[in-house]
Each structure stands twice: as structure tokens, then as C-alpha cells.
There are 2 protein chains.
Amino acid sequence: MEQINILTQNGLKVTKPRVTILNILEHVNKPLTAEEIYLKLQKIDKSINLSTVYRVLEVFIKNQIITKPFIKDDNKASFIINHHEHKHFLICSKCQKMVEIGECPFKTFEKSLEKETNFTITNHRFELFGICPNCK
Amino acid sequence: MEQINILTQNGLKVTKPRVTILNILEHVNKPLTAEEIYLKLQKIDKSINLSTVYRVLEVFIKNQIITKPFIKDDNKASFIINHHEHKHFLICSKCQKMVEIGECPFKTFEKSLEKETNFTITNHRFELFGICPNCK
DNA sequence: AGTTTAATGCAAATGATTTGCATTTACATT
DNA sequence: AATGTAAATGCAAATCATTTGCATTAAACT
């Protein structure tokens, strides 16, 4: 199973919570909150604890298996599998529906900004908000 | 005083907490957390309460006097005066220093994305992260 | 299989933000 | 200028996402 490879490659023990969470995130492939992950987990294995979810997410972030792209206005953080692509989302302010944006237009922008500010730029966040066709 | 105009223009009662918070945000002109605002307030008037800070910020957001541009990884939200400019920041991951980015390169990008997705785009967030010259 | 060390479950703690309620204050009206 | 009223505030307690301490369990090495 691919999930197991990712774990062993990162020197992480292969445990049920880790495999299952990774599996969920792989298949969903869009940002989920810790609680959303927890609810999906509950359908698979009732015994997995919410604090385990947080701890697993923490380890995954450290190992760059996932990223925490943003914290929404409701104060909940989101987590998404890290395919080392630059992904950005357009989020409906009413129904929270997310649509992926095809292209990330910042590569060249970052380069010129590094020269200008003398920062070393490691990362960026970009999200768009609007009203989706259904909610209009 | 300009702060009073902004309040009355928005049909808001002119109170000391509101005037003072607005004054702070006007002069700082960069994102502050509720607690940072509270600490600055304490130096001016010990009696103003943290929950009042939150309530004032909430009203200001509703009236679009300020915006809540992002929530940092430490789960603290930031608030900035809304001059209806598109402002974005480059944030040092070590010292949290913020540098304003001169230009917002998304206007045309948003237009084409609206056609593509059929969303009505109302807003966006963009932050860059890196290491500042001092921290390197 | 046995040993070791890290991962987990559970319950309690934490910390940012929110809320209920009694009191105070802004401001419209007299 | 004094008064009435609804909205704003201070204070304490509640809430909610996230984190942590600790006893137990389980992965993976020998």
C-alpha cells in the first residue's frame, strides 16, 4: 500500500491511525479540518481519538507529508496532502465549497521580491473568496 | 478627529474603546492581533477590557472599517485597517517581522478566473513567508 | 517471543475567542 | 441641561479548537 511506503520512507512507524488518516487525505486531496478528518475516521474505526488526529497531523507536517495551508475565519485549521504542487483554492463564502485553481502565478514574482527585500522566501499562502454559481 | 468621522459615518456610537482602537490601527497600519491591540490599549486606558476589544473588532469588520486578513499558525487572528488598498505582507517565519509588498498582482488573474469558474470573486488572501535578512 | 521506545487513548489543561448579565454611557428627545 | 432608552462595556464564566500529561498499548528491532 502506498501509504505504508510514505510512512516508512519518512522513518515513521506504521500505525492504523497514520495509515488511515493518510489514506483519507490522499483520496480527498483537498483541505480538511482536523474534525472533518476525525469524522471520516469514525466511520472506519470508532476507537481512534481526536488528540491522535492532531498528533498525527503534527508529525505529518514535520515530515512535509501534508501542509497546513490556511486557518479559516471560523478558527479551524485545514490540512492537505503535500504533492509538492502549488495548489490554491477558491472558496465560496456561503457554502464553503472549494474549487482548485489551476495555476500558481507567483514563481517569478517571488524571485523579484527576494531581490527587493533580501528575504529568503520559503512559502506562500493564497486563497480566493467569492460566491459560487449555486449560491448566487 | 478623523476617527470620530469614521464612526459616525457608519452609524456607530462614539465610545472611548472604539476611538482608541481605531486610532491605534490607523497609526500602526499593519496587522495586529487582538492581544497586541489590547496591550497597546492598556498603556492608554487600563479600564478597557479584552472582550470589548473583540466586540469592537467584530463591529469594525462588519462595517468594513478593518479586515481580518489572516490567522497565523499560532491560531491568533490579525486585524488591519481597511484602506481599500490591496495590501499583502511578507512575514519572517522566525521573528514574525512583516514587510509590506508594494504591488498586488491579482486583478487581471481574478477576472479571468471569474469567467472560468463562474464564481463572483469578492476577496483574496495572499501572504508570503520566509526568513528576513536579520534572521539569516 | 521478548524488549524497548514511540504512539495512542483518555481526561484534563490551555489559550484564543465568545457570551450572559448587570452596569454604564452615548445620544436623541424633551 | 436633564431624562429616557437602547446600545456598549466590564467582568466572570463559557466555549471551542488544540495541546498535554500520563498510563497503556503496539510497532519493530533483536
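Just so it is clear, the model here is predicted, and its values are computed rather than measured. To find a chain, count down the sequence lines: A is the first, B the second, and so on, and within it residues start at 1.
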Self-check item: A:Asn49 side-chain proximity, nearest of D:dA28, D:dT9, C:dG9
Solution: C:dG9
Quiz item: Heavy-atom count around B:Lys16 NZ within 6.0 Å, excluding the residue itself: above 12?
Solution: no
Quiz item: Under 4.0 angstrom, heavy atoms only, what part of the nucleic acid is B:Arg18 near: base, sugar-phosphate, or nothing?
Solution: sugar-phosphate
Exercise. First locate atom NE2 of A:His27, then atom CG of A:Leu22, and finally report the distance between them rounded to the nearest 0.5 Å.
Key: 10.5 Å
Quiz item: Which distance, rounded to the nearest 0.5 Å, do you find between the CZ of A:Arg55 and the CG of A:Leu57?
Solution: 12.0 Å
Exercise. Take B:Leu12 and B:Glu35, find for each the nucleotide of DNA chain C with the closest heavy atom, and name the residue whose nucleotide sits nearer the 5' end.
Key: B:Glu35
Practice problem: Round to the nearest Å and state the distance from B:Lys76 atom NZ to D:dT18 atom C1'. | Solution: 14 Å
Self-check item: Closest to the B:Ala77 side chain, choosing from C:dT17, D:dT20, D:dG10
Solution: C:dT17
Quiz item: How is A:Val59 classified with respect to the nucleic acid when contacts are heavy atoms under 4.0 Å: base, sugar-phosphate, or nothing?
Solution: nothing
Quiz prompt | Nucleotide D:dA7, atom P - distance to CZ of B:Arg55 in whole Å | solution = 14 Å
Quiz item: Do A:Leu7 and A:Phe60 have side chains that get closer than 4.5 Å, going by heavy atoms?
Solution: yes
Quiz item: What's the spacing between A:Leu39 CG and A:Leu32 CG if we round to 0.5 Å?
Solution: 10.5 Å
Quiz prompt | Out of C:dG9, C:dT17, D:dT9, whichever nucleotide has its closest atom nearest the side chain of B:Pro17 | solution = D:dT9
Practice problem: Could you tell me the separation between the CG atom of A:Asn10 and the P atom of C:dA7, rounded to a whole number of Å? | Solution: 12 Å
Quiz item: Which residue lies toward the 5' end of DNA chain D, B:Thr52 or B:Asn75, if each is placed at its nearest nucleotide?
Solution: B:Thr52
What pairs of nitrogen or oxygen atoms, one from the protein and one from nucleotides 28-30 of chain C, lie under 3.5 Å apart?
none

Practice problem: Mind checking B:Lys13 for me? I need base, sugar-phosphate or nothing, with any heavy atom below 4.0 Å counting as a touch. | Solution: base
Quiz prompt | Rounded distance in Å - NZ (B:Lys46) to C1' (D:dG10) | solution = 15 Å
Quiz prompt | A:Ser78 and A:Lys72, any side-chain heavy atoms less than 4.5 Å apart | solution = yes
Quiz prompt | Distance, rounded to the nearest Å, where B:Leu7 contributes CG and D:dA7 contributes P | solution = 17 Å
Practice problem: Specify the separation, in whole Å, of atom CD1 of A:Ile71 and atom P of C:dT17. | Solution: 10 Å
Practice problem: Let me know the distance between NZ of A:Lys16 and P of D:dT25, rounded to the nearest Å. | Solution: 17 Å
Quiz item: Atom NZ of B:Lys30 and atom CG of B:Leu25: how far apart are they, to the nearest 0.5 Å?
Solution: 11.5 Å
Quiz item: Nearest of D:dG10, C:dG9, C:dT18 to any side-chain atom of A:Ile48?
Solution: C:dG9
Quiz item: NA contact type, A:Ser51, heavy-atom cut-off 4.0 Å: base, sugar-phosphate, or nothing?
Solution: base
Quiz item: For B:Lys40, does the NZ atom have more than 12 heavy-atom neighbours from other residues, nucleotides or ligands under 6.0 Å away?
Solution: no
Quiz item: CG of B:Asp45 versus P of D:dA8: gap in Å, rounded?
Solution: 18 Å
